[in-house]
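Here the structure is laid out as structure tokens; the discussion comes afterwards.
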Amino acid sequence: MGYDFQAVETKWQKMWEERKSFEVETDPGKPKFYCLEMFPYPSGALHMGHIRNYSMGDMLARFLRKKGWNVLYPMGFDAFGMPAENAAIKYKTKPHDWTWQNIEYMTNQSKRMGYSYDWRRRVETCNPNYYRWNQWIFLQMYKKGLVYRKSAPVNWCETCGTVLANEQVVNGGCWRCETPVVKKNLEQWFIKITDYAQELLDNIDSKLTGWPERVRIMQRNWIGRSEGARLSFRVDALDYTIEAFTTRFDTVYGITFIALAPEHELVKAMLDKLPREETARMSEFVARCAAQSSIERSDAGGEKLGFKTPFTGAHPVTGEPVPIWIANYILMDYGTGAIMGVPAHDQRDFDFCRKYGIPIIPVIQPEGETLDGATMTAAFEGDGLSCNSGQFDGLPTQKAIPAMIDWGEKKGLCKREVNFRLRDWLISRQRYWGTPIPFVHCPRCGVVPVPEEQLPVLLPEDVTVVDVGRSPLLDLPEWLETACPVCGGKARREAETMDTFFCSSWYFERYCSPGFDKAPFKTGDTDYWMPVDQYIGGIEHACLHLIYARFFTMFLSDIGLLKPGVREPFTNLLTQGMVIKDGAKMSKSLGNVVDPTEIVDKYGADTVRLFILFASPPQNDLDWSEQGVEGAHRFLNRVWRFVEDNLESLTQNGSERVAMSDLSDSVQRDFKRKIHSTIFSVTRDIDEEKQFNTAIARLMELTNALYAFHPAEPVGYRLRREAVDVLLNCLSPFSPHIVEELWQMLGNETLLAQTPWPVPEKDALAADVVTIVVQVNGKVRAKLSMPAGLDETRLKSAVMDDAQVKEKIAGKEIVKVIAVPDKLVNVVVKG
RNA sequence: GCCGGGAUGGCGGAAUGGCAUACGCGCGGGUUUCAAAAACCCGUGGCCGCAAGGCCGUGUGGGUUCAAGUCCCACUCCCGGCACCA
């Protein structure tokens, strides 16, 4: 059916490649535009979500090229990760082989879609020429004091003797043997991303103005800054000072208990001091908390568990003894792992105290109420007037907070502090298929970095993965055993690898100079290309990837690799919605997956690209409909047929334009206007609104107008040729192959991909005649054709003189007449 | 619970406070055909009416305005994020 899209698409893909149409170079003489999509994991094949993402990016890249920008538009693969290890076991292959096979397959899929990437710049993160720079950057971070080791819990299966990723924990058990998963502490590698928390937060307001509001809010919440004070409780019996953070120092007089996280270091010290029986009970409680999954622990509705210790701490202000409890709802990884308990003004503390019979003392009274600790049914967390708070009684909350902290600081009772919800980044993974962490464990010198000149620490490729949990590196003594870079003695390599988010935090800088072997990238290239002007990808990366990449850019700028002005990697961000079918996200488990390759075979890449951009605005979810695909295909056939059927008259009438001023026939003038208003709207929809669906709708309208226009004289034929030129030009970013073929059929020797984007003629945008809507009391009563450009007064009198209008308002008193030039007149009447 | 976003024909969706439903899908009718496919043409929010025309209509209830899908207030439902964060 229709045109031979197979032949056309293959022909032009070959042509673009031969002519190197999309290869770009750093050229400070030209204005640059960096258009980037989130690179895929090479899982086997591109899915519809990828196709949607890349069809948007390619359309923009092609559009911007035609607008005269020097466009960097690259593609690569985020190629390390656990699925390769699973696949290696399943298919009895090697992660390396499986990954590279997928990379080649997916590259070919992309080429078949006609995406205009500069393929010379392809980056694969599993390539040693890439990951050696991961290692190098990691060492720079180490030098700057941003890398540290700390013991942290991992999911552990006793039966398999392995570490499990969060996704491998199913209902609290191992995904293979169902053994309950336990937390086990391991020494792990961390990066101090929290050093950048404040800048990461500040730039959201000042620099990320081209990002969707929703992502900015998500990042703000993720970073989670809160201002407050740190205070301390002296525990003489243990010669220890408990530190706690609070945002409500104004409630300090309402403290009735102290609560520690079960993992708090003081808990261990207590165990040493207590009699045996007490120790047993306490250990048992701590073990019970530890057995709770992190999900149970962090469930707001979950039961609060507490254990009263025989110790007390001194109230920071009054010095009175305050009982110390251990509670499951206190988290070790936020604040200090200890809190001041103020049940009257914190719901969690309130629930805890009601359960365990701890006294409740209100220190804030809401307006028009008097709270009584004995009868309260819920904590009061709002603002009110302080009470039971010494000299601060009667102060409203918003004043009490700063006043009491000022006073506390002067007296040495507390210290202003800012806390972030953002955690340091745990980057070590107990896995094989990743970037080896460039460190060596020496029995004499400790943990020492591999010298830069010895990089890369190569990841052995010829390995057999037998068990997902156990890294094969541990069974490769020839790789594991090495010489200590400091003392030269026998030492062991770090066998853990980096989180793959590390790889994806700077790949866009690598694209600027992909082959460079002296540094991660050439500064001259990044100075020109960075930052990315338009980034496109899924919303699911709103917090992790998009924060890590921002942090990397700040760091690389701090060490002078990126110019100081580049603090943020992505100026504009577009987050596309999911591809939905039958009401759910396409997924293998639901069996509603549509394979892009099959659809491309059936309808061609041009059709798929067009449908996917037409079916919904970019941010929305897209409902997959094969009937919709047929509609898009029908449209392209209509365009093809028009050119083919009228080829003779179209080629005989050259493309020199007819000026608006030379047209007198109203049908011709309207048609000319349709052509130019189409250019205007399509340009605006793509460039400013990022509403690709409406841009395509306008092109469909132009095509409809083209079929409806019947040229009679030579001027008409020239106009029709102008319309076809504009249509093909504006359609080319969306469906690039078919239009290239039609363009050639029309006798052009240039590539449409390199033909400048059309500019609308100003005088072809203004209308001669407009339809004036006439309303009576806000209801449409007539539509009148009027010459354009009448001012308010003349419009009013013209409308009021109209016989039809006179009839509608006959016998009624005119109260008021509102006129909007070229649009509408509303007559307000009474009676 | 908190923070966002949303709700428009049978469906996807369109509408700088100014003609609600552009464009596409689907559906109905027709042309062409031996027949079908493809293509083309016409119609397509609901109700009343032979018609002209009228009334109603953008989740619900109020408000502002000459005029509200659009702005304001309250609510319902759906989606997303965060969630015992001290």
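Chain identifiers are assigned alphabetically (A, B, ...) following the order of the sequence lines, protein sequences preceding nucleic acid strands; residue numbering begins at 1 within each chain.
- Comparing B/G81, B/C23, B/A86 by their nearest atom to the side chain of A/Met218 picks out B/G81.
- Here B/C27 sits opposite B/G43 as a Watson-Crick or G-U wobble pair (both hydrogen-bonding atom distances under 3.5 Å).
- A/Arg634 has no side-chain polar atom (N or O) that falls below the 4.0 Å cut-off from OP1 or OP2 of B/C23.
- Residue A/Arg348 places its side chain closer to B/C85 than to any other of B/A86, B/C85, B/G18.
- A side-chain donor-acceptor contact under 3.5 Å links A/Asp349 to the backbone of A/Val342.
- No side-chain donor-acceptor contact under 3.5 Å links A/Asn419 and A/Ser226.
- Between the base of B/C82 and the side chain of A/Asn221 there is no donor-acceptor pair shorter than 3.5 Å.
- For the residue pair A/Thr694 and A/Arg684, no side-chain donor N or O sits within less than 3.5 Å of a side-chain acceptor on the partner.
- Distance noted for atom C1' between B/A68 and B/C73: 15 Å (whole Å).
- Between B/A14 and A/Asn693, a contact under 4.0 Å exists linking OP1 or OP2 to a side-chain N or O.
- Pairing for B/U76 is with B/A7, a Watson-Crick or G-U wobble pair whose two hydrogen-bonding atom distances lie under 3.5 Å.
- Phosphate contact (OP1/OP2 of B/G24, side-chain N/O of A/Asn704, threshold under 4.0 Å): present.
- Base pairing annotation: B/G49 forms no Watson-Crick or G-U wobble pair, as no partner gives both donor-acceptor distances under 3.5 Å.
- Sorted by residue number, the members of residues 776-789 of chain A with any non-hydrogen atom under 4.0 Å from RNA chain B read A/Lys779, A/Val780, A/Arg781, A/Lys783.
- Using a 4.0 Å heavy-atom criterion, one finds that A/Thr246 contacts the sugar-phosphate atoms exclusively.
- When the nucleotides B/A86, B/G24, B/A22 are ranked by their closest atom to the side chain of A/Met700, B/G24 comes out on top.
- Applying the 90° cutoff around 0 to the glycosidic angle, B/G57 is assigned anti.
- Checking B/G57 for Watson-Crick or G-U wobble geometry (two distances, each under 3.5 Å) identifies no partner in any strand.
- For B/C40, one of the phosphate oxygens OP1 or OP2 lies less than 4.0 angstrom from a side-chain nitrogen or oxygen of A/Arg638.
- The residue A/Arg214 sits close only to the backbone: its heavy atoms come under 4.0 Å of sugar-phosphate atoms, none of a base.
- With a 4.5 Å cut-off on side-chain heavy atoms, A/Pro343 and A/Ile358 do not count as touching.
- Between A/Asp351 and A/Arg348 there is no salt bridge, since none of the side-chain N atoms of the basic residue sits less than 4.0 Å from a carboxylate O of the acidic one.
- Looking only at distances, no side-chain donor or acceptor of A/Arg794 sits under 3.5 Å from a matching main-chain atom of A/Glu792.
- Taking 4.0 angstrom as the limit, A/Arg421 places a side-chain polar atom (N or O) nearer than this to OP1 or OP2 of B/A83.
- Listed nucleotides B/G18, B/C23, B/A15 differ in distance to A/Lys823; the shortest reach to its side chain belongs to B/G18.
- The shortest side-chain heavy-atom distance between A/Trp624 and A/Phe611 falls under the 4.5 Å cut-off.
- There is no side-chain donor-acceptor pair under 3.5 Å between A/Arg421 and A/Asn221.
- In this structure, B/G18 and B/C66 make a Watson-Crick or G-U wobble pair, each of the two defining distances being under 3.5 angstrom.
- In this structure, A/Lys304 forms no cation-pi arrangement with A/Phe352, as its terminal cationic atom is not both closer than 6.0 Å to the ring centre and no more than 45° off the ring axis.
- Within 4.0 Å of A/Ile818, counting heavy atoms only, lies at least one base atom of the nucleic acid.
- At the heavy-atom level, A/Asp349 lies nowhere under 4.0 Å from the strands shown.
- A residue-by-residue look at A/Arg641 and A/Gln627 shows that A/Gln627 has its nearest nucleotide of RNA chain B further toward the 5' end.
- B/C82: Watson-Crick or G-U partner is B/G1, with both key distances under 3.5 Å.
- Between A/Met578 and A/Phe614, the residue whose closest nucleotide on RNA chain B is further toward the 5' end is A/Phe614.
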